[in-house]
Amino acid sequence: MRAVIQRASRASVTVDGNVTGSIQTGLLVLLGIEDADNMEDITWLSNKIVNLRIFNDEEGVMNRSVKEVNGDVLLVSQFTLHAATKKGNRPSYIKASKPDIAIPLYEQMISQLTFDMGKTIATGIFGADMKVDLLNDGPVTIIIDTKSKE
């Protein structure tokens, strides 16, 4: 799994003119899923997301997690995170999982994040043409790949 995690003052997803998910202070998480992903990736990544210390404490130091600041999470599926760009100028998405594999993993990630956050998270709609609005706070953007765990 690949995740782009952005600290947000606000974020929302709109599909066909309707807001499907929105948050105020929290994290916008763009999630790419590949066939090799499994429950171990989901558990590890969810734990990492909710415990990343990227929110400021009283002294202005990034020392608090989204959970500690009572923030929210907006999870958006994004197969383009697995784009291969080595050859030519048209990205290949061969590594990105097809819906029959990706949808159950995406739904498990929603459940795991909900459990780890202790509250419902906001989401986009898998496979839809989504418009994502973000006010990135900082900006703070973290990229995590469960296969490299850097």
Side-chain angles (χ1 to χ4, degrees), residues 1-15 19-86 89-97 102-103 105-150:
M1 288 187 158
R2 267 190 200 142
V4 174
I5 302 159
Q6 297 177 297
R7 187 176 74 181
S9 295
R10 65 170 165 71
S12 64
V13 176
T14 303
V15 177
V19 175
T20 64
S22 68
I23 62 168
Q24 291 302 309
T25 299
L27 299 174
L28 169 63
V29 180
L30 306 173
L31 182 70
I33 299 169
E34 64 180 308
D35 288 354
D37 293 330
N38 57 39
M39 198 61 205
E40 182 180 326
D41 295 290
I42 291 167
T43 304
W44 183 87
L45 183 57
S46 179
N47 181 62
K48 186 62 77 172
I49 289 167
V50 301
N51 291 301
L52 272 177
R53 294 171 24 185
I54 59 174
F55 289 87
N56 293 342
D57 63 15
E58 307 76 36
E59 296 168 12
V61 177
M62 286 195 289
N63 203 25
R64 300 182 77 200
S65 70
V66 67
K67 202 168 177 178
E68 290 173 309
V69 300
N70 196 31
D72 293 305
V73 173
L74 172 56
L75 182 69
V76 177
S77 62
Q78 188 171 348
F79 74 94
T80 60
L81 291 179
H82 284 290
T85 57
K86 185 175 181 179
N89 292 318
R90 183 169 186 237
S92 168
Y93 303 107
I94 194 99
K95 281 189 70 178
S97 289
I103 290 172
L105 291 171
Y106 177 69
E107 290 172 350
Q108 288 174 330
M109 183 58 137
I110 293 168
S111 295
Q112 189 66 51
L113 279 168
T114 297
F115 177 78
D116 290 344
M117 286 293 293
K119 61 182 173 180
T120 303
I121 67 160
T123 66
I125 297 177
F126 188 94
D129 180 18
M130 296 176 275
K131 307 302 179 203
V132 179
D133 182 48
L134 163 71
L135 180 57
N136 192 319
D137 179 17
V140 175
T141 302
I142 308 286
I143 300 170
I144 297 177
D145 190 319
T146 62
K147 301 306 183 230
S148 65
K149 294 187 173 128
E150 292 182 353

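All values below were derived from every heavy atom in this structure, side-chain atoms included, with hydrogens, water molecules and symmetry-related copies excluded. Since the model is a prediction, treat every value here as computed from it, not as a measurement.
- In this structure, the side chain of Lys67 engages the main chain of Asp116 through a donor-acceptor pair within 3.5 Å.
- Nearest heavy atoms, Met62 versus Val140: SD-CG2, 4.0 Å.
- In plain terms, the two heavy atoms of Glu34 and Ser97 that are nearest each other are C-OG, 2.7 Å.
- Shown here for Ser12 and Val19, the closest heavy-atom pair between the two residues is CB-CG1, 4.4 Å.
- Taking the side-chain hydrogen bond (donor to acceptor under 3.5 Å, both in side chains) definition, one finds that Asp41 meets it with Thr146, Lys147, sequence neighbours left out.
- Val66 approaches Met117 most closely through the heavy-atom pair CG1-SD, 3.8 Å.
- Side-chain contact of Thr14 with Asp133: a donor-acceptor pair under 3.5 Å is absent, judged by distance alone.
- Using a 4.5 Å heavy-atom cutoff, the side chains of Phe115 and Val50 are not in contact.
- Two residues are said to be in side-chain contact when any heavy atoms from C-beta on lie closer than 4.5 Å; Gln112 and Leu45 fail this criterion.
- Distance CG/Leu134 to CG/Leu28: 5.5 Å, rounded to 0.5 Å.
- With sequence neighbours left out, the side chain to side chain contact (heavy atoms under 4.5 Å, CB included) criterion links Arg64 to Phe55, Asp57, Glu58, Glu68, Val69.
- A ring pair (Phe, Tyr, Trp, His ring centres under 6.0 Å) check over residues 125-150, counting only residues at least two apart or in different chains, returns the pairs Tyr106-Phe126.
- Evaluated for a side-chain contact (heavy atoms from CB on, under 4.5 Å) with Met109, the options Ile33, Val29, Ile49, Asp37 yield exactly one hit, Ile49.
- To the nearest 0.5 Å, atoms CG (Asp72) and CG (Leu113) are separated by 12.0 Å.
- Side chain of Ser46 to backbone of Ile42: no donor-acceptor contact under 3.5 angstrom is found.
- The side chain to side chain contact (heavy atoms under 4.5 Å, CB included) search around Asn51 returns Asn47, not counting sequence neighbours.
- Looking at every heavy atom in both residues, Gly127 comes nearest to Ser77 through N-OG, 4.0 Å.
- Heavy-atom contacts from other residues, nucleotides or ligands closer than 6.0 Å to OH of Tyr93 number more than 12.
- With contacts defined as side-chain heavy-atom distances shorter than 4.5 Å, the pair Val73/Ile23 does not qualify.
- Checked against side-chain hydrogen bond (donor to acceptor under 3.5 Å, both in side chains), Lys95 has no partners two or more places apart in sequence or in another chain.
- Annotation: side-chain hydrogen bond (donor to acceptor under 3.5 Å, both in side chains) contacts of Gln108 (sequence neighbours excluded): none.
- Rounding to the nearest 0.5 Å places CZ of Arg7 at 9.5 Å from OG1 of Thr141.
- Rounded to the nearest 0.5 angstrom, Leu30 CG and Leu74 CG are separated by 8.5 Å.
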**Asked** Should Leu81 and Leu31 be marked as a side chain to side chain contact (heavy atoms under 4.5 Å, CB included) after you check the CA-CA gap, both sets of side-chain angles, and the distance that decides it?
**Response** CA-CA 7 Å; Leu81 291 179; Leu31 182 70; 5.6 Å; no
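- Of all the heavy atoms in Ala128 and Val15, the pair that sits closest is CB-CG1, 3.9 Å.
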